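Each remark here refers to the structure printed beneath this line.
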Amino acid sequence: MASEVAKRNSPFRFLHKLPIRLTFTEKKSHLLISDLAKEQQENDELKKRTHILECAWNQEHDDEEEEEETRDDGVVDGSDDASSTHDIYGDIGNRAPNEFEKIGRFTTFQVYIAWFALFLFAHIREYVTRLGFVKDLSSKENKKMKDFVPLFSDFEAFYQRNCYIKVRDVFERPICSVPGATVDLVDRVSHDGNWTYEYPGTRTNVINVGSYNYLGFAQSAGPCADQSASSIDREGLSCCTTVHERGRSVSQAKLEKLVAEFLGVEDAICFSMGFATNSMNAPCLVDKHSLIISDKYNHASLILGCRLSGASTKVFEHNDMESLERILRDAIAYGNPKTHRPYKKILIIVEGIYSMEGSICNLPGIIALKKKYNAYLYLDEAHSIGAMGKTGKGVVEYWGCNPKDVDILMGTFTKSFGAAGGYIAGSKRTVDHLRVASPTGYYSSPMSPPIAQQIYTSMSIIMGRDGTNDGALRIERLARNSHYFRMRLKQMGFIVYGSNDSPVVPMLIYFPTMCGFYGREMLARNIGCVVVSFPATHMTEGRVRFCISAAHTKEQLDEVLETVCELGSLSRSKFSRRSHLYKNQKIEW
């Protein structure tokens, strides 16, 4: 009350009505050496709290260990309780770090020169085509509609006509079998520079290191296929309506309950498309008065969802806790610059495994910051659910975190479960809100019953509900395959991004011309892989992305490694300067 009276009697009372923030500071006294030391100590503590190894897990479990020591219940060290801190990846508190080895400036300069030469010849080709010396096969704007808004961006059309089309044969390859450990590709030839293709009617069987079939459930025979086929007899192929008009299938309703139980949360909702799970539901969680803090390398579906939401969006450096905390601190201190008011909600969006980097998010550190600044956390586990963790529950289990510390758990069924669609899980209140507010309930069909049944059966196998340990064996085999493949590539001298525990293995080749070389030469040696370059990655970071599966045998991985080593020597693409660290290391499967 006294402060209110003082404010009314103040000669500067008119300033309180202005829509600006004024700060009056007193003259600072001279700091003593002890004060400086104290300030430095506080800064060190701040960094310590946000470090990856502190990350909430150690703190909680250290407290638990102290409680266990004080207990007199006769439990000896080395019991099952203690073994829970160790799994197939090692100690939970000592995970494999993400590695991003950089090349020298001279090599980077060479990559830019390669792009310059590529665009130079592209402009020459455009000029020659315009003069009529070369037949123009590309799609162009109709000259009669030149006054209309153009359908194509000038640069995108230029890039597509002169750069992408030259290596189109290493992309969009049609497959004609189950994408398991091996896959059949339809043979095709082009006589006009990849503008059109002819199909001779033959096929080639290749080792498949390009599909997201992490646990090997993409099968045409077995319990998953049999259960899916029987569900067609019971429920058909489609519900032929939207969720809000007719409802879900029985298979989808059962699946949603199983997903919630599998993740250890209150409720879950499933969708028929993984991309739309992100892009259509993010706008339901935030609005223009909110702030989204997004990782630099988040997926395109998350970026689209951020844009459609209308919320302010800020990007933090990839997996950088200091960058994230700086943005959180500034957002709380300065508020929304558009309204000069505090943000009503701050939502942090990250992925479990980043599909182009092969890196694993620092989930414990993010949870610690989320709790510290009272923000919300949205975790996209598209590539990590099923593939990571002792029992396949994703990076939440991999880091030993509590799933209830993540406000929105999102994942897709297109990878580890050999199906399609996605889910969002969390508290019942959040899921009930999405059931009503999500556009997918009004404008898209529910999941196809056989697809829902495929996911239900594969998830049941992972959980051990089939009475076997097949799910646990698949998870362990995937972890072994991923670690073995990554370490062998590093030993050969290649630069590999990400964590050694990640099944996504990006091998850096940098030069745009290398993409066509690796894509064609790997196929010629009966290996199907994915090559990636600009605009999916930075211009100077072209790469070959291998996706390891539990279905792969050691012999298949060795064959792929031998081929990669041969091509690396031919193209001189072994850029790593750390291969000597692994030279004498014995890498076991």
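The structure presented is a predicted model; accordingly, all values stated were derived computationally and were not measured. Heavy atoms only: backbone and side chains are in, while hydrogens, waters and symmetry mates are out. Numbers here are sequence positions counted from 1.
- When side chains are defined from C-beta on, Ser549 does not count as touching Tyr214, because their heavy atoms never get closer than 4.5 Å.
- Residues Met388 and Ile353 form a side-chain contact, since some pair of their non-hydrogen atoms from C-beta on lies under 4.5 Å apart.
- No more than 12 heavy atoms of other residues, nucleotides or ligands shown are found within 6.0 angstrom of CZ on Phe121.
- If you take OG on Ser458 and CZ on Phe413, they are separated by 8.5 Å, rounding to the nearest 0.5 Å.
- Side-chain contact between Ile385 and Phe417 is present, with heavy atoms from C-beta onward closer than 4.5 Å.
- Of the listed residues (Ile408, Leu409, Val259), just one forms a side chain to side chain contact (heavy atoms under 4.5 Å, CB included) with Ile424, and that residue is Ile408.
- A cation-pi contact, defined as under 6.0 Å to the ring centre and within 45° of the axis, is absent between Arg188 and Tyr199.
- Under the side chain to side chain contact (heavy atoms under 4.5 Å, CB included) criterion, Asp558 pairs with Tyr484, Arg488, Lys554, Leu561, not counting sequence neighbours.
- Put simply, OH on Tyr197 and OG on Ser190 are 5.5 Å apart, with the number rounded to the nearest 0.5 Å.
- Taking both residues in full, the closest heavy atoms of Pro503 and Ser482 are given as CA-OG, 3.3 Å, listed atom of the first, atom of the second, then distance.
- For Tyr159 and Phe534, the distance between ring centers is under 6.0 angstrom.
- Arg577 pairs by the salt bridge (Lys or Arg N to Asp or Glu O under 4.0 Å) definition with nothing, not counting sequence neighbours.
- A side-chain N or O of Ser251 and one of Glu235 form a donor-acceptor pair less than 3.5 Å apart.
- Taking the side chain as every heavy atom from C-beta outward, Glu351 and Leu302 approach each other to under 4.5 Å.
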Identify every side-chain donor-acceptor pair in residues 303-312 under 3.5 Å, counting partners at least two apart or on other chains, and give the distances.
from   : atom 1 : to     : atom 2 : distance (Å)
Ser309 : OG     : Cys306 : O      : 2.7
Ser309 : OG     : Ala311 : N      : 3.2

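- Counting only heavy atoms from C-beta outward, the side chains of Thr277 and Tyr423 never approach each other to under 4.5 Å.
- Under 3.5 Å, the side chains of Glu101 and Ser576 contain a donor-acceptor pair of N or O atoms.
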- prompt: Going through the checks in order, is the salt bridge (Lys or Arg N to Asp or Glu O under 4.0 Å) test met by Glu476 and Arg474?
  reply: CA-CA 5 Å; Glu476 182 180 356; Arg474 288 173 186 260; over 6 Å; no

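- Residue pairs meeting the salt bridge (charged side-chain N to carboxylate O under 4.0 Å, His left out) criterion with at least one member in residues 439-450: none, sequence neighbours excluded.
- For the residue pair Asn278/Ser301, the side-chain donor-acceptor check at 3.5 Å is satisfied.
- Leu508 contributes atom CG, which lies 10.0 Å from atom CZ of Phe100 (distance to the nearest 0.5 angstrom).
- In this structure, the side chains of Val350 and Asp380 stay at 4.5 Å or more apart for every pair of heavy atoms.
- For residues 309-320, the salt bridge (charged side-chain N to carboxylate O under 4.0 Å, His left out) pairs, not counting sequence neighbours, are Lys296-Glu317.
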- request: Decide side-chain hydrogen bond (donor to acceptor under 3.5 Å, both in side chains) for Ser579 and Lys490; before the verdict, give the C-alpha distance in whole Å, the side-chain angles of both, and the deciding distance to 0.1 Å.
  value: CA-CA 6 Å; Ser579 58; Lys490 291 179 181 181; over 6 Å; no

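- Listed by chain and residue number, Tyr127, Phe133 satisfy the side chain to side chain contact (heavy atoms under 4.5 Å, CB included) test with Leu131 (two or more places apart in sequence, or in another chain).
- The nearest pair of heavy atoms linking Val178 to Ser220 is CG2-CB, 3.4 Å.
- Remark: Arg477 engages no residue in a salt bridge (Lys or Arg N to Asp or Glu O under 4.0 Å) (not counting sequence neighbours).
- Partners of His580 according to the side chain to side chain contact (heavy atoms under 4.5 Å, CB included) rule, which considers only residues two or more places apart in sequence or in another chain, do not exist here.
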Candidate pair Ser384 and Ile360, rule side-chain contact (heavy atoms from CB on, under 4.5 Å), full reasoning: CA-CA 9 Å; Ser384 54; Ile360 300 174; over 6 Å; no

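- With Ser272 contributing its side chain and Ser445 its backbone, the two residues share a donor-acceptor pair below 3.5 Å.
- Contact check for Leu489 versus Tyr582: no side-chain heavy atoms found under the 4.5 Å cut-off.
- Listed here is the closest heavy atom pair of Gly274 and Thr412: CA-CG2, 3.8 Å.
- Residues Asn362 and Asn319 bring no donor and acceptor atom of their side chains to less than 3.5 Å of each other.
- Between Tyr89 and His483, the gap from one ring centroid to the other reaches at least 6.0 Å.
- Salt-bridge formation is detected for the pair Glu357/Arg543: a Lys NZ or Arg NE/NH1/NH2 atom is positioned less than 4.0 Å from an Asp or Glu carboxylate oxygen.
- Counting heavy atoms from C-beta on, the side chains of Trp195 and Ile165 come closer than 4.5 Å.
- If you check the side chains of Ser359 and His318, you find a donor sitting under 3.5 Å from an acceptor.
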message: Show, in sequence, the C-alpha distance, side-chain angles and deciding distance for Cys515 and Ile509, and conclude whether the side-chain contact (heavy atoms from CB on, under 4.5 Å) test is met.
response: CA-CA 8 Å; Cys515 291; Ile509 53 177; 4.2 Å; yes

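- Partners of His123 according to the side chain to side chain contact (heavy atoms under 4.5 Å, CB included) rule, which considers only residues two or more places apart in sequence or in another chain, are Phe158.
- Gln252 contributes a side-chain N or O that, together with a main-chain N or O of Met447, makes up a donor-acceptor pair within less than 3.5 Å.
- Taking CD1 from Ile366 and CG from Leu379, the interatomic distance works out to 8.0 Å, rounded to the nearest 0.5 Å.
- Between the side chains of Thr182 and Asn208, no donor N or O sits under 3.5 Å from an acceptor N or O.
- Listed by first and then second residue, the side chain to side chain donor-acceptor pair (under 3.5 Å) pairs that reach into residues 509-519 are Tyr518-Ser573, sequence neighbours excluded.
- Rounded to the nearest 0.5 angstrom, Gln227 CD and Gln453 CD are separated by 5.5 Å.
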Expected list for residues 522-532: side-chain donor-acceptor pairs under 3.5 angstrom, two or more places apart:
from   : atom 1 : to     : atom 2 : distance (Å)
Arg525 : NH1    : Glu521 : O      : 3.1
Arg525 : NH1    : Glu521 : OE1    : 2.7
Arg525 : NH2    : Glu566 : OE2    : 3.1

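- Residues in residues 535-568 take part in these ring pair (Phe, Tyr, Trp, His ring centres under 6.0 Å) pairs, two or more places apart or across chains: Phe485-Phe546.
- Checked against the 6.0 Å centroid criterion, the rings of Tyr354 and Tyr297 do not qualify as a close aromatic pair.
- Here Arg545 contributes atom CZ and Met507 contributes atom CE; the two are 13.5 Å apart, rounded to the nearest 0.5 Å.
- Counted within 6.0 Å of OH on Tyr442, heavy atoms from surrounding residues, nucleotides or ligands total more than 12; the atom is thus considered enclosed.
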task: Go through Asp187 and Arg203 one step at a time and tell me if the salt bridge (Lys or Arg N to Asp or Glu O under 4.0 Å) criterion holds.
output: CA-CA 5 Å; Asp187 295 331; Arg203 61 181 64 180; over 6 Å; no

